[in-house]
Amino acid sequence: MLVLINIAIFFAAVVGHNIPACKAPAYRLNDGNHMPRFGFGTWLGFDNNQVPVPVTDDSVQKAVELALEAGYRHIDTAAIYDDEDQVGKAVSNKIEEGVVKRDEVFITTKLWNDKHACDSVVPALQESLQKLNTSYVDLFLMHWPFATESKFSMKFVETDYLETWQGMVEAKKLGLAKSIGVCNFNLGQLQRLWNNSDVKPAVLQVETNLNIQQPELREFCHNHDIAVMGYTPFGSLFPSRARPGAPPPRVDDPHLVAIAQKYNKTVPQVVLRYLFELGVTPIPKSVTKTRIEENLDIFNFQLDEFDRQHLKTYHSNYRVVDVKFFSEATYYPF
Ligand SMILES: NC(=O)c1ccc[n+]([C@@H]2O[C@H](COP(=O)([O-])OP(=O)(O)OC[C@H]3O[C@@H](n4cnc5c(N)ncnc54)[C@H](OP(=O)(O)O)[C@@H]3O)[C@@H](O)[C@H]2O)c1
Ligand SMILES: *[C@@H]1O[C@H](CO)[C@@H](O)[C@H](O)[C@H]1NC(C)=O
Ligand SMILES: *[C@@H]1O[C@H](CO)[C@@H](O)[C@H](O)[C@H]1NC(C)=O
Ligand SMILES: *[C@@H]1O[C@H](CO)[C@@H](O)[C@H](O)[C@H]1NC(C)=O
């Protein structure tokens, strides 16, 4: 019975508008806008010492161009990624070439922690828009619930995220962001925001992968019509990104390989499909053409209940993005 209800909910959520030329179905957000249910990540990530990889070339621009050619219509960036200009150039180039129109691409960017004062939010977004070479973003997310004194500072400021949210609401009212939402809020923070806002968050972006499947946040979001976007969708799947002691599975796990063979798919595709079937919008990142194409190719098969139950067993609440260096902040979420 529960299975049938879940399947019904799944179809109710995915059937609906399709953005032209987009391979992923769209999701109707609680503010009436539509979001493609599959996106493209553009963060270059941390190196082995948990230091952000610096942006030194145009690999992000090239990757976004490949992604748009492959059929992605949803691009995820952030002020702190230092690549909004590259996303902007890629989208502008593909508009000029006639591959896409601006209103067919869903662009997300994020507010960094040093811009949490209510009256800093709109100017911060305007700066992002200039780099993105566009007059609006489709989605503006608060990157973290806590605030810092400056961009790379670990000195925390007590600004309440409810105050920051008022700035986000202003950005929406001005038409600079079509939709607004948050990242990395825990359940209590999300409930508090919900209880204390007239304009509700349309999206929650949180780490979601086999090791951290977010059952409580997904349930709250489902019940409150908040779309869940899943970042770092591969978790510790690839040995290159698995820290010492990271829980299984890896990409060569025999059980996962067997599941993938059964559907004539790859293990990364099975993982992305599983997240998609949970109702999550995955935003995998790759700068490699074959992988960019591989990752999007998950809309022509469906996992059976037996395989879904197995994939569920990997949940252990383990985070890749654990940011313990932020743990002194009052509003630290984890
Ligand atoms: N809101 C937040 O706080 C937050 C935090 C983290 C991430 N994010 C967003 O979420 C996006 C995705 O997360 P992520 O970049 O951390 O991790 P991810 O997408 O789970 O993994 C990216 C890594 O997987 C590799 N990869 C991708 N597809 C592959 C495939 N099919 N086979 C083998 N390897 C593959 C990539 O390699 P190559 O690139 O070398 O191909 C890269 O090393 C980010 O880019 C960012 O936009 C948001
Ligand atoms: C920005 O967009 C305009 C069209 O709106 C285009 O003419 C211009 O080349 C773009 N700039 C960059 C740097 O891509
Ligand atoms: C939010 O409101 C609900 C319903 O009134 C209540 O049960 C919950 O405790 C509130 N949570 C917070 C954090 O304000
Ligand atoms: C399996 O997948 C590959 C790659 O997508 C495809 O070329 C091949 O035709 C598929 N085989 C079957 C039996 O569907």
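Numbers here are sequence positions counted from 1. Atoms within a ligand are numbered from 1 in the order they appear, just like the ligands themselves.
The Thr288 neighbourhood of ligand 1 comprises atoms 38 (P), 40 (O), 41 (O), with distances under 4.0 Å to a heavy atom of that residue. For ligand 1, the atoms sitting less than 4.0 Å from at least one non-hydrogen atom of Ile283 are 9 (C), 10 (O), 11 (C), 12 (C), numbered in the order shown with element in parentheses. Set against the non-hydrogen atoms of Lys110, the atoms of ligand 1 under 4.0 Å away are 1 (N). Close approach of ligand 1 to Glu294 (heavy-atom distance below 4.0 Å) involves ligand atoms 31 (N). Within ligand 1, the atoms closer than 4.0 Å to a non-hydrogen atom of Thr42 are 45 (O), 47 (O), numbered from 1 in the order shown. Residue Pro284 has at least one heavy-atom neighbour below 4.0 Å for each of these atoms of ligand 1: 19 (O).
Taking the charged nitrogens against the carboxylate oxygens, Lys89 and Asp58 have no contact shorter than 4.0 Å, which rules out a salt bridge. Under a 4.0 Å N-O distance rule, the pair Asp307/Arg273 does not qualify as a salt bridge. A salt bridge does not link Asp225 with Arg28: every distance from a Lys NZ or Arg NE/NH1/NH2 to an Asp or Glu carboxylate oxygen is 4.0 Å or more.
When only interatomic distances are considered, the shortest N/O to N/O separation between Phe234 and ligand 1 falls below 3.5 Å. Of the polar atoms of Trp144, none of the N or O atoms is found under 3.5 Å from an N or O of ligand 1, judged by distance alone. Distances between N or O atoms of Asn264 and those of ligand 4 include at least one value under 3.5 Å. Considering both main-chain and side-chain atoms, Val287 comes within under 3.5 Å of ligand 1 through a nitrogen or oxygen pair. Taking only nitrogen or oxygen atoms, main chain and side chain alike, His143 reaches within less than 3.5 Å of ligand 1. Distances between N or O atoms of Pro268 and those of ligand 1 include no value under 3.5 Å.
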Find all protein N or O atoms under 3.5 angstrom from an N or O atom of ligand 3 and list the pairs with distances, or write 'none'.
from	atom 1	to	atom 2	distance (Å)
ligand 3	2 (O)	Asn195	OD1	3.1
ligand 3	2 (O)	Asn195	ND2	2.3
ligand 3	11 (N)	Asn195	ND2	3.1
ligand 3	14 (O)	Asn195	ND2	3.0

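Listed by chain and number, the residues in a salt bridge (Lys or Arg N to Asp or Glu O under 4.0 Å) with Glu158 amount to none (sequence neighbours excluded). For His255, the ring-ring contact (aromatic ring centres under 6.0 Å, His included) partners at least two apart in sequence or on another chain are His310.
In this structure, the protein non-hydrogen atom closest to atom 6 (C) of ligand 1 is Tyr231 CD1, 3.3 Å. Protein heavy atom nearest atom 13 (O) of ligand 1, with residue, atom name and distance: Thr232 N, 3.0 Å. Looking at atom 3 (O) of ligand 1, its nearest protein heavy atom turns out to be Asn184 ND2, 2.9 Å. From the protein, the heavy atom lying nearest to atom 26 (N) of ligand 1 is Phe238 CE1, 3.6 Å. The protein atom (non-hydrogen) at minimum distance from atom 47 (O) of ligand 1 is Asp76 OD2, 2.6 Å. The protein heavy-atom contact nearest to atom 1 (N) of ligand 1 is Gln205 OE1, 2.7 Å. With respect to atom 43 (O) of ligand 1, the closest heavy atom belonging to the protein is Arg241 CD, 4.0 Å. Nearest protein neighbour of atom 44 (C) of ligand 1, counting heavy atoms only, is Trp43 CB, 3.7 Å.
Between Phe276 and the options Tyr27, Phe299, Phe38, a ring pair (Phe, Tyr, Trp, His ring centres under 6.0 Å) holds for only Phe299. Partner of Tyr231 under the side-chain hydrogen bond (donor to acceptor under 3.5 Å, both in side chains) criterion, out of Thr281, Thr208, Asn184, Asn209: Asn184 alone.
Listed here is the closest heavy atom pair of Pro233 and Gly230: CD-O, 4.0 Å. Between Cys221 and Leu204, the shortest heavy-atom distance links the atoms SG-CD2, 3.8 Å. In terms of heavy-atom proximity, Ser316 sits nearest to Pro247 at OG-CG, 3.7 Å. Summarising the geometry of Ile75 relative to Val87, their closest heavy-atom pair is CG2-CG1, 3.9 Å, with the distance given to 0.1 Å. Between His34 and Ala26, the shortest heavy-atom contact is CB-CB, 4.3 Å.
Residue contacts with ligand 1 do not include Gly45, since none of its heavy atoms lies under 4.0 Å from the ligand. At least one heavy atom of Tyr81 lies less than 4.0 angstrom from ligand 1. Put simply, no part of Gln269 is less than 4.0 Å from ligand 1, judged by heavy atoms.
Ring to ring, Trp144 and Phe334 are close: their centroids are under 6.0 angstrom apart.
Glu65 and Gln61 share a donor-acceptor pair across their side chains, judged by distance under 3.5 Å alone. In this model, no donor atom of one side chain and acceptor atom of the other lie less than 3.5 Å apart for Tyr72 and Asn295. Using modelled atom types, one finds no donor on one side chain facing an acceptor on the other under 3.5 Å when comparing Thr77 with Glu84. Between the side chains of Tyr274 and Gln213, at least one donor N or O sits under 3.5 Å from an acceptor N or O.
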> When you look at Lys200 and Ile226, which way does the side-chain contact (heavy atoms from CB on, under 4.5 Å) test go after all the steps?
Replying inline: CA-CA 8 Å; Lys200 307 298 186 194; Ile226 300 172; over 6 Å; no

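Counting heavy atoms under 4.0 Å from ligand 1, residue Asn295 touches it through the side chain alone. Only side-chain heavy atoms of Cys183 come within less than 4.0 Å of ligand 1; its backbone N, CA, C and O stay farther off. Counting heavy atoms closer than 4.0 Å to ligand 1, residue Val251 contributes nothing at all.
The heavy atom nearest to atom 39 (O) of ligand 1, out of those in Lys285, Met229, Arg291, is found in Lys285.
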Identify each donor-acceptor pair in which a side-chain atom of residues 168-182 lies under 3.5 Å from a protein atom, sequence neighbours left out, and give them as a table.
from	atom 1	to	atom 2	distance (Å)
Lys172	NZ	Asp31	OD2	3.4
Lys172	NZ	Lys178	O	2.8
Ser179	OG	Asp31	OD2	2.6
Ser179	OG	Asn33	ND2	2.9

